[in-house]
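The chain is numbered in sequence order, starting from 1. We use all heavy atoms of the structure for the numbers below, so side chains are in, but hydrogens, waters and symmetry mates are not.
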Amino acid sequence: MPQPRSLAEMPLGASISSTTLMVDAAWRALAYCLHPRVIYLSLLPLLLAAVGLGLLSWFGWEPGVAAVRQALDSWGISHAVLTWLDRAGLGFLRTAAAPFLLVLMIVPLVIVLCLLLVAGLMTPSLVKLVRQRRFPQLLDREATPWWRSLLWSAGASLTALALFVVSLPLWLIPIFAVLVPPVIWGWLTYRVMAFDTLVDVATPQERDALLKRHHTSLLGMGVLCGYIGAAPAALWAMGALTVILAPLMLLLSVWLYTLVFAFSSLWFAHFLLAALQAQRQLAQTVSGDMVDINKGISS
């Protein structure tokens, strides 16, 4: 018997494991990243972020650096550390400390802004692309107002920022610095992408059932996307050149983060739409079996 060529062609009632869905959705998301529409859409958040960061760099960079430097000088512990660096012949680190810390505070905000832009501008278009090409038979089950999705994304983002602030002391411990940020961003990615993918195509009951059934896999996907999203941070390991080119580096980081989020959106779209189709097929099969049983009983 020939095997189905894709998950979309699985027979009614077929059971699809989360692992199979994850692998299948991942390679499809990578392939879709080369689609012209995806490349085009990835430039829109970049343009908006570039304007915002440009205004921030033009009007707020020098005052921001001065404020951070003043805070460092007035804080006893940091002042002692900076004085020790001067005595050790590492005075150049004093100069770089304030810009580096300012960038360190700005980058998480930029990540959240980028995620909101992707969720608001890219995710609906990418989900529509996946539906048109793979799941044209999936019909809308609920028309959700745009503000509901915005509130969901904003609430998840504020929660992630709160977790980020609370966890900052743990970043001084190397193992937590490696584990905590990707987990937070991964949780945020999972919450935002999953909701926006299913916001129109699934009923609240279907969405809750899918998120409950595949919770572990979806969270794992989000964490993996969080680690992938941490890759652009390597740009900030270029030493003094990073400080000199901080606005350009920040802009490049936003673009890389946007591409990562585009992949994340496509990954969640392929996963959740395939899972939704399988869930509906299974429900249809069970419903048909119940009808047959009832007919048998009545006869």
If you round to the nearest 0.5 Å, how far is [atom2] of [Y] from [atom1] of [X]?
{"X": "Arg191", "Y": "Leu211", "atom1": "CZ", "atom2": "CG", "result": "7.0 Å"}
{"X": "Leu158", "Y": "Leu188", "atom1": "CG", "atom2": "CG", "result": "10.0 Å"}
{"X": "Met122", "Y": "Met193", "atom1": "CE", "atom2": "CE", "result": "8.5 Å"}
{"X": "Arg133", "Y": "Arg28", "atom1": "CZ", "atom2": "CZ", "result": "10.0 Å"}

Side-chain donor-acceptor pairs under 3.5 Å in residues 266-276, sequence neighbours left out?
| from | atom 1 | to | atom 2 | distance (Å) |
| --- | --- | --- | --- | --- |
| Trp267 | NE1 | Met22 | O | 3.1 |
| His270 | ND1 | Arg134 | NH1 | 2.9 |

Practice prompt. Run the numbers on Leu129 and Val38 for side-chain contact (heavy atoms from CB on, under 4.5 Å), then give the verdict.
Written response: CA-CA 9 Å; Leu129 175 65; Val38 177; 4.0 Å; yes
same_hphob_cluster([X], [Y]) at 4.5 Å side-chain heavy-atom cutoff:
{"X": "Val180", "Y": "Val166", "value": "no"}
{"X": "Tyr40", "Y": "Leu34", "value": "no"}
{"X": "Leu163", "Y": "Leu170", "value": "yes"}
{"X": "Leu30", "Y": "Leu21", "value": "yes"}
{"X": "Val23", "Y": "Tyr227", "value": "no"}

Answer whether the closest heavy-atom distance between the side chains of [X] and [Y] falls below 4.5 Å.
{"X": "Phe263", "Y": "Leu259", "value": "no"}
{"X": "His214", "Y": "Gln279", "value": "no"}
{"X": "Thr197", "Y": "Val130", "value": "no"}
{"X": "Ser167", "Y": "Ile184", "value": "yes"}

Practice prompt. Output all residues satisfying ring-ring contact (aromatic ring centres under 6.0 Å, His included) with Trp187, sequence neighbours left out; order by chain, then residue number.
Written response: none
Could you report the tightest heavy-atom contact between [X] and [Y], atom names first, then the distance?
{"X": "Leu138", "Y": "Arg280", "answer": "CD2-NH1, 3.5 Å"}
{"X": "Leu179", "Y": "Val183", "answer": "O-CG2, 3.0 Å"}
{"X": "Ala262", "Y": "Leu126", "answer": "O-CD1, 3.9 Å"}

Discussion item. I'd like to know if the side chain of Thr203 and the backbone of Glu206 have a donor-acceptor N/O pair within less than 3.5 Å.
Written reply: yes
Worksheet item: Any donor and acceptor pair, going by atom type alone, linking the side chain of Trp185 with main-chain N or O of Ala160 inside 3.5 Å?
Response: no
Worksheet entry | Salt-bridge contact Lys212-Asp208 (side-chain N to carboxylate O under 4.0 Å) | no
Worksheet item: Do the rings of Tyr190 and His215 sit parallel, tilted or perpendicular, given the 30° and 60° boundaries?
Response: perpendicular
